[in-house]
Structures are given as C-alpha cells and as structure tokens.
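Lettering of chains follows the sequences in order, A, B, ..., and the numbering in each one begins at 1.
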Amino acid sequence: MGFSAFGTNFSTYNPPYLYLLYLILRINPDLPPVIGVKIPGLISDFICAYFVFRIVQLQYNKTVVASLAGIAVLLAPTMIVNSAYWGQADSIYTAALAACLYYLMKGKPTLAMLAYGISLAFKLQAIFLAPLLFVLFLKRIINWKQVFIIPAVLFLSLVPSWIAGRSLIELLNIYLFQSSQFESITMNAPSIYTWIPQTKQFFNLFYIPGVITGAVMAFFLATLLYKSRAALTPRLLLEWMLISMMVIPFFLPKMHERYFFPADVFSIAFAFYFPQFFYVALAMNGISFLAYEPYLFNAQPIPLTVLTFGLFLLICLLVKHAAIRLYKTEADQVVSG
Amino acid sequence: MNRIKNLPYAEIIIISVGLILAIALRASLVDFKSYDYLKYTHVWYNTLKSEGFKVFATDFSNYNLPYLYLLYIVIRFFRDVPAPVAVKIPSLIADFISAWFVYRIVRLKYPESPFAILAAFAVLFAPTVVLNSAFWGQADALYTSALIATVYFLIDKKHIPTMLAFGIAVSFKAQAIFLSPLLLGLLLKREVPWKYFFIIPFVMLIGLLPALIAGRPFLDLLLIYPSQADQYQQLTMHAPSVFALIPDSSQTYKYFYPIGLMITALIGLCFAIIISKSRAKLSARLLLELALASVMLMPFLLPKMHERYFYPADVISIAFAFFVPDFYFVAIAMLTISFFAYQPFLFAQELVPLPILAIGLLILISIVLYNTGKNLYLPEPETAQENA
C-alpha cells in the first residue's frame, strides 16, 4: 500500500515510529522484515548511549569515564533485549528523553522541549516526566513559549498521516485508544499492582483508584521539588529524572515491564554521578531484566511480587536521599523539639 | 482561622490539589461492599433507618455507641446517600481529622517548611488509611483521629484537651487503650495531674447518655465492652502479633489467651514505670516516639488482635518519620507490614506469611524500643539530639 496506508488505521501505534519504518522500507526494500522493524530501535540505542555519554561528560572532564557510561548503556541487558531481540521501540522515546535531560542540564530549555515533544510523539510514556517539567515551568526555568513547542511537535508528527488522509480527531484518539487497549492491572510490570489479585474483579475495583494514585505520586514529587529552595543543579535534575521514571510507573496500573526502560538507562547515568549509589543501577537493571522474563522467555526465576518489593526499597532509598538533599538547609534550622 | 488567610497562594493550590486527590481516591473506592458491611454495618444501617432514634433502647448492635450515633446523624440528615457510602462517612471524615492533627504535630517541629503539609497528605494517602475507611468501611479512623489529637495535645502540654481527646478515643473503641502505658507513665511521673484522669470516664459516660435517654438500661451499656471481648475465640485475627508465631487452636487459646493478657498488662506497667523513672526531658520528639512505641507494642503483645489494630501505629509512624527523618524506614516498614496483613481478609491472598510479618514487626518494635530507651536514659547533648 505504501504511504497511502497512513490514511488508514492499519496500526494503533503512534505514527512517528511507522514513518521511520516506512523510510527504511523505501531506502532498502530487500531488508528482511524481522530486521527492518528493529532498525529504528537499534539506531536509537546508540542515540541513548550518546546522550548518556554527554550527560556524564558534564560531570567528568575525562572522556574515558563518559565513554564507559555510554558503553554501559549499550551493554545493559534490557537495552540489548528490548530493541535487538524483542523488537520493541522503547529506546526511541528514551533516547529523546535522554536528549531532553541533557539539554535541561546544559540550560537549553528550548532544545529540551523539542526533544520532549519528539519523545511524547513516539510514546505516551514520556508523560512520566511531566511532573518534573511542570515544576521547572513553575520555577521559570522553562517559559510558556517553550512549553508550546511540545504540542507543536506533536501536531507536526501527525501531519504526514493527516496528508495521507486520516482525520485529525482519529489521530488524536490514538493515545486514548492505546490506554484502553489491554485489561490487566499490571502487564508483568513490577508495580504495586502485583500485590493485589490479578483478576477481572480487582481490575475493575482498582483501575481508577490506581490512576488517581499515579496522580497522587506526581503531586507528591512535584510538591517536594517545588517547595524546595535548593538550586536545581544538573545532578539534581538527573536524580529527579530517575525518580520520575521509577516512581510514576511503579504506582500506575496497566504498566508493561518495558515501561521501566528509561529508569534502566538513567540509573546508569546516575551511578556515574553518585558512585555511592552504584547499586541502584545494578538493581534497577536486574529487576527490569527479570521482569522481562515472563513475557520473553516464559520463565519467572523470581516472582514479580518480590521484584516489586526490591523496586519499592530502591524507590524509598532514592526518594529519601533526594528529599534530604532538597531540604538540607531547612532540616538544620528546625525548632528544637 | 487567621493562619489560613495568610497562606501564600502556592500553598493554597497545593492543599487544594491534594485534598481533591484525596477525595477523588476515596470516591473511586467507596461503593465497595466488604464482608463486614454485608454482615454488620448494613444491618445496623437498615435498623437505624427504619426504627429511628428509639432503637438505641435495644441491643440492636454490639458496637460502641458513638459510631452508631454518627451513623444515625448521617442517616437522619443525608437520607439519600446509598448505604455503602453512608456507613463509611464518619470514618472518611475522621481520615481528614487524623491528617489535620498529624499536620499540627509535624508543624511543631517545622513551622516554616512544607513537611507538615506533606505529612498530612502522607497520612491521607497511606495505603491502610485509604483502604480501612473508604474501601473496607471499618471505623479505626474514628478512634485513631482522637488518639492523634491526644498525642498532639500531650506534646503541646495541654492536659485537659489531652484527656478529653483520649476519653473520646476510648468511647469510640477500646483499642484506644494501646496508648494507656504512655499516659500511665506520665501520671506516675506527675507530668499530668491525676485529677485530670477523671475526665476520661466522664467523657465515656457522656457517650452513653443518648442511649440512656432512649431508654436502654445502664447496666446493659456497661457490658458492651466485655461482650465485645468475648466475640471471637482466636489468638490472632490476621494481626502480625506475637500470636502469629504459635498455632491457633482451642487448646492454645485456652492457655495463652489469659497469659497473653497478663503479660501485656505487666509489660504495659513496666513501660509506664520506665517512663516515670527517667530523668530525661520529655521533648516533643520523645513523647511522639513513646506514643509510637506504645501503640506498636500493645497490639503486638495482646491476644485476639485484628490486623487493623495497628492503624494508630501506621499513622503515628508517619508523623514520627517527619519528626526524625533518620527513622523514616519505621513508617515505611510499619505501613508495608500492615498492608500485607490486610491482604488475607481484603484480597483473600497471603503474599507474605503472617509469621514473617510478625518477625518483621518484632524487629521494628525492638529498634524503636531500643532507641526510646536510649533517649529516656542516655539523652544525648541538646545539640546532637536534633541532628536529623
């Protein structure tokens, strides 16, 4: 069908990935399909690694250290499995998120918003970063003009499909449709919902409370960050990026195991910034990988309920550490009790 | 109320968003009908609705009267609220009262920072707090909110409100006595004048008045608590208490129920004496820690406890975590253990076996008690004490 297929709803996926796929088909029609569909993800593996390299470079003058971080990202188990083996596309929006974080750390909010728009266009999961960006907006690090870049990029990403003949309303509904696609409270994600029975009855009882719980966590994170008077240093931004990517999917229902992919990547960068927390990267990547197993290998060496517990401990440690850093001055000036 | 006017607008937005989320979360859970609802509260609701106030002359329910009065008020003024929601309204309101007093407690330490607001919201969104009132339809939030008020007034050295609040707590549920070792200790230490203790039975008597007016015999009313204690014949009802570690049979029940009561009474007395003999200054931090130790220890030792009876420990542990950030793990562990203990009843599954939860709680209690003992008898110099 070629390009005209974009005029139809042949896929429920976001159009940008499909454009990339189309480009690959045009350039090299002889590529076996099993490789063709993976090429966008494979390329973005390297883009991820590149931006992690740049992020770590901000901290260390030595290129060697930053290169190690980039290589660590490329060799991370979920990174290898997600794109090359499974053929999923999580590294694409994660690469754009990494770019967004890099430009925020560099103090270039316009480029950061551009990257964020691209990330969101590829996958709705980029929304996990929204609470952090909202606080940056409130703190006037991002101005409202830059915020408008996000919908502009989203709109542009739909234009090719629109030209091909698909209605704009239908295109906007893609996101909504995706979120009502599956009916399970957790899809192998080590989230709090592994701790309740995996039945239809409990799905109905806890789906909406779960979505509100996700909003509650966004509210807590945003409030904690907003009320702090600490300077938003690059280190702090990285830490909050990681926290957002761990906490929000942990408390939202209907998450896939793959949705911790950005957390896997940023935990590696975080380990280079806070070497005393090296184990966070190891544990995060280990938990993610073990959570991939039920789907990919039909095996479950460690029950998801236990993985959830591990991730819960990691989140507690990180949030405590972040909160102490944010409120160090205040904690010192307390009224003696 | 002047304070609210002076809040900068950012604070108002944060509080409003948090309250909206707290209400939305509860609204999304509130139509659930638990087993307890179908078996008890629904029946009381129907009786109160059809018979009106005069039903208080009869023993239509073995529950403590104050909750039933509140239920009657809800039925009287909001007749159209569906029954599963109506029976939960008193506890739902109490959730917010608990949060308010936790806010006041944490504000004593941090008058300027947002920690007090965060602590209040941590209470409103704590899993067991949300599940207990909004989902399960239990009433533990009612007496706990009064207990939190007791702790707040105690720290604030306002003795008459302390005793009033404690009297209200005990009227709502006998479980409020989990805090009594601390109060007894303060009585022995003469921190609180003994005559104020008469406020407690006085408040309890006032709680019986409406039923007396309705015509129920006085002796009947006095027997409500004892009749409750005889209700179930199990050493533990899913509570991660010390009795989770021994088999629960009629044989063990026969011997260990009285022993459990006696040992708890003795340990409670020791707890009080240890407080009274200490020469440490009773700082806000120390009082809060003692309150936490008391409400963790008592239900852990007592037989016949329900999983829900750690509810006051859940809430006070949150306040304590904000007060002493180094002990944040106590709150997290306490809430997690409580949540897992709720699972057998609420979700019909037991992800973590009860004996393991009980051992976890034992370790946690040991840590809290050890630290409390240290603060009572080996107080650190003033400067180092608040090194959070």
(message) I need the residue from A/Ile208, A/Thr199, A/Ile196 with the largest number of non-hydrogen atom pairs under 4.5 Å to chain B.
(response) A/Ile196
(request) Name the member of A/Gly210, A/Pro209, A/Ala222 that forms the most heavy-atom pairs with chain B at distances under 4.5 Å. (result) A/Pro209
(request) Would you check, one step at a time, whether the test ring-ring contact (aromatic ring centres under 6.0 Å, His included) holds for B/Phe347 with A/Phe206? (result) CA-CA 12 Å; B/Phe347 304 150; A/Phe206 283 107; 5.7 Å; yes
(message) Just so I understand: if I count every heavy-atom pair under 4.5 Å between each of B/Arg26, B/Gln343, B/Gln349 and chain A, which residue has the most?
(response) B/Gln349
(request) Answer with yes or no after comparing the ring centroid distance for B/Phe125 and A/Phe251 against a 6.0 Å cut-off, counting only values under it. (result) no
(message) To the closest 0.5 Å, what do you measure between CH2 (A/Trp195) and CZ (B/Phe340)?
(response) 4.0 Å
(request) To the nearest 0.5 Å, tell me how far A/Tyr327 OH sits from B/Leu118 CG. (result) 6.0 Å
Is [X] close to chain A through its backbone or its side chain, or both, or neither, when contacts mean heavy atoms under 4.5 Å?
| X | answer |
| --- | --- |
| B/Leu351 | side chain |
| B/Phe121 | both |
| B/Phe135 | side chain |
| B/Leu131 | side chain |
| B/Leu346 | backbone |

